[in-house]
Amino acid sequence: MKKYIYLDNAATTALDAEVLSAMLPYLTEHYGNPSSSYALGREAKAAIEANRKSVALALGVSPLNIYFTSGGTESNNTAIACAVNELGCKHIITSSIEHHAVLNTVKRYCERSAIDCTILTPSTQGFLNLQELEDKLIEKNREGIKCLVSLMHANNEIGVLLDIEKVGNLCEKYDAIFHSDCVQTIGHLEMDLKKYKLHFASASGHKFHGPKGTGILYASERVKLSPLIIGGGQERQSRAGTENVAGIVGFGKALELSMRNHPEESTYIRSLNELMRNALSQSIPDVSFNSPIDGLYTVLSVNFPNAMPGSLLLAHLDRAGICASGGSACSSGSDGGSHVINALGLSSSGSTVRFSFSKLTSATDVDEAVRALSAIFQSTVPVA
Ligand code: PLP
């Protein structure tokens with residue numbers, strides 16, 4: 001098998017071997033439908049409920065607040081649909097650097113229904129002006145218009161972090177519904193969802209060594225979740241469809257492992273991030289960084305000098321067996337580059353590459369990637 005240097009862990013992570021072992025019996029022995037009343041079905045149902053409990057414990061909430069979904073995209077869509085269709089939100093406040101699973105969903109509601117939206121633009125470092133958010137909340141509150149605030153906890157392309165507690169307090173003060181896309185932070189940061197005064201939070205299993213196609217939506221007891229996917233009565237009437245039992249077991253195991261090992265793993269990953277930042281600064285003239293020093297430790301977004309287009313740089317890296325991305329994996333192939341880098345006004349100043357790390361990344365991976373990049377910029381590798 002070809003050996004890759006995998007530096008794209010914000011796009012997805014490798015499944016942990018222990019997670020796979022936990023999942024396998026639910027694909028083979030315990031294959032019952034959790035809605036079946038006989039023992040084989042009850043075994044599957046019991047596994048779902050045990051994992052709901054462990055996920056809730058890791059996030060500081062009640063199992064009644066946890067709904068299993070197919071991933072971050074579905075969770076984001078469900079939260080936004082519920083806020084608009086059931087909770088009376090007529091105005092959505094979001095930002096121009098949200099993942100498309102939020103941004104395109106909000107835009108669609110605004111185009112097709114009587115919903116208005118405000119799209120906040122962050123500074124070039126990616127920070128939102130929370131005074132601007134408060135001013136908008138005051139204005140809408142005075143007009144008697146209920147708001148949904150949907151802001152991501154950590155940006156997946158540059159790793160900038162939201163002051164989620166402060167936003168939670170503002171939403172409470174002005175009676176707004178608060179949803180946060182926590183896909184890049186749940187499994188990577190210690191989270192106490194109650195403290196943030198959230199109504200909804202989304203997470204995705206494949207970002208922390210769990211299986212793809214798994215996720216959760218946290219919904220506070222202050223809201224009644226309504227289904228986006230309609231059918232049977234699974235997930236307490238809130239998400240129809242036969243449950244992905246092995247996936248749920250995998251999500252639960254992956255979160256348990258990542259929280260148990262969080263202190264050591266986060267310190268290790270942070271050291272790799274710093275190693276790459278320092279090594280690139282020393283070996284490539286005029287390199288700069290879009291990720292704040294105190295941002296999410298898994299992500300390093302780098303701005304390379306204007307020497308070559310981003311797509312060519314990524315092609316050189318690919319040829320060297322290095323996996324990294326220009327923006328989010330979900331937007332690769334779309335025209336016009338990353339909407340995040342464009343929104344930050346950084347698109348004209350060079351080419352941007354996001355490197356992202358996990359517990360499976362080694363210092364050698366980082367060294368080899370930096371060496372390959374230096375070679376590319378010294379043109380020892382011919383530019384095609
Ligand atoms: N939100 C963010 C911030 C993400 O990074 C991603 C995945 O790239 C998603 C949502 C979508 O999650 P999923 O792939 O589980 O649908």
Side-chain angles (χ1 to χ4, degrees), residues 55-62 64-67 72 75-76 78-84 86-99 101-103 105-106 117-123 126-142 145-156 159-204 215-225 255 259 292 294-296:
V55 167
L57 189 68
L59 302 177
V61 297
S62 154
L64 292 172
N65 301 132
I66 302 295
Y67 297 86
S75 298
N76 287 339
T78 306
I80 295 167
C82 182
V84 167
E86 309 293 332
L87 304 176
C89 295
K90 296 270 180 270
H91 191 92
I92 306 177
I93 305 175
T94 188
S95 87
S96 52
I97 61 168
E98 298 301 305
H99 190 275
V102 166
L103 205 49
T105 309
V106 170
C117 67
T118 297
I119 300 190
L120 303 170
T121 304
S123 67
F127 294 105
L128 290 175
N129 179 346
L130 294 189
Q131 188 55 55
E132 199 184 333
L133 170 64
E134 181 163 13
D135 291 346
K136 187 51 77 176
L137 285 169
I138 293 173
E139 179 194 319
K140 292 295 155 190
N141 195 253
R142 274 205 202 112
I145 294 173
K146 182 110 178 156
C147 287
L148 163 67
V149 173
S150 181
L151 294 173
M152 69 202 317
H153 190 192
N155 181 269
N156 49 306
V160 68
L161 285 161
L162 179 76
D163 188 339
I164 195 169
E165 253 186 280
K166 200 157 176 184
V167 173
N169 286 333
L170 286 177
C171 289
E172 183 178 67
K173 187 165 171 194
Y174 300 105
D175 194 27
I177 297 292
F178 181 26
H179 164 246
S180 186
D181 176 342
C182 297
V183 163
Q184 295 290 341
T185 51
I186 289 182
H188 293 294
L189 295 181
E190 277 168 4
M191 304 280 280
D192 184 354
L193 296 184
K194 274 249 153 49
K195 195 164 107 192
Y196 308 147
K197 300 181 177 162
L198 286 153
H199 293 86
F200 299 108
S202 311
S204 172
I216 56 147
L217 178 62
Y218 157 80
S220 134
E221 46 284 325
R222 292 174 291 156
V223 292
K224 176 160 174 15
L225 190 63
L255 189 62
M259 288 299 96
D294 55 357
L296 188 67

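The figures that follow rest on heavy atoms only: side chains count, while hydrogens, waters and symmetry mates do not. Please read all numbers here as calculations on a predicted model, not as lab measurements.
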Keeping T118 on the side-chain end and I93 on the backbone end, is there a donor-acceptor pair under 3.5 Å?
no
Report the C-alpha distance between L225 and F200 in whole Å, list the side-chain angles of each, state the deciding distance to 0.1 Å, and finish with yes or no for side-chain contact (heavy atoms from CB on, under 4.5 Å).
CA-CA 9 Å; L225 190 63; F200 299 108; 3.7 Å; yes
Minimum side-chain heavy-atom gap K90-K140 below 4.5 Å:
no
Drop me the distance from D192's CG to L59's CG, to the nearest 0.5 angstrom.
9.0 Å
Taking the side chain as every heavy atom from C-beta outward, state whether T185 and L161 have any pair of such atoms under 4.5 Å apart.
yes
Could you give me the CA-CA distance, side-chain angles and deciding distance for H99 and V183, then say whether side-chain contact (heavy atoms from CB on, under 4.5 Å) is met?
CA-CA 10 Å; H99 190 275; V183 163; over 6 Å; no
Measure from the side-chain N and O atoms of N65 to the backbone N and O of S62, and report whether any donor-acceptor pair falls under 3.5 Å.
yes
Is any side-chain heavy atom of T105 less than 4.5 Å from a side-chain heavy atom of N76?
no
Would the distance check show the side chain of E98 and the main-chain N or O of M152 forming a donor-acceptor pair, the cut-off being under 3.5 Å?
yes
Can you confirm whether R142 is buried at CZ, in the sense that more than 12 heavy atoms of other residues, nucleotides or ligands lie under 6.0 Å from that atom?
no
Measuring from atom CG of N155 to atom CD of Q184, what distance do you get when rounded to the nearest 0.5 angstrom?
8.5 Å
Give a yes or no on whether the backbone of I177 and the side-chain of K146 come within a donor-acceptor separation of less than 3.5 Å.
no
I'd like to know if the side chain of H199 and the backbone of F178 have a donor-acceptor N/O pair within less than 3.5 Å.
yes
Would you mind reporting whether L128 and I97 have side-chain heavy atoms less than 4.5 Å apart?
no
Does the S180 side chain pair with the main chain of H153, one donor and one acceptor, at a distance under 3.5 Å?
yes
Do Q131 and D135 get their side chains close enough for a donor-acceptor pair, meaning under 3.5 Å?
yes
Can you list the steps and then say if S202 with H179 is a side-chain contact (heavy atoms from CB on, under 4.5 Å)?
CA-CA 8 Å; S202 311; H179 164 246; 2.9 Å; yes
Atom pair CD/OG of E132 and S95 - distance to nearest 0.5 Å:
10.5 Å
How long is the straight-line distance from OH of Y196 back to CG of D163, given to the nearest 0.5 Å?
10.0 Å
Kindly say whether V102 contributes a backbone atom to a donor-acceptor pair with the side chain of D181 at under 3.5 angstrom?
no
Output the distance between atom CG (L148) and atom SG (C171), rounded to the nearest 0.5 Å.
8.5 Å
How about P292 and F127: do any of their side-chain heavy atoms sit closer than 4.5 Å?
yes
Report the distance from atom CD of E172 to atom CG of L137, rounding to the nearest 0.5 Å.
12.5 Å
Does the S75 side chain pair with the main chain of I216, one donor and one acceptor, at a distance under 3.5 Å?
yes
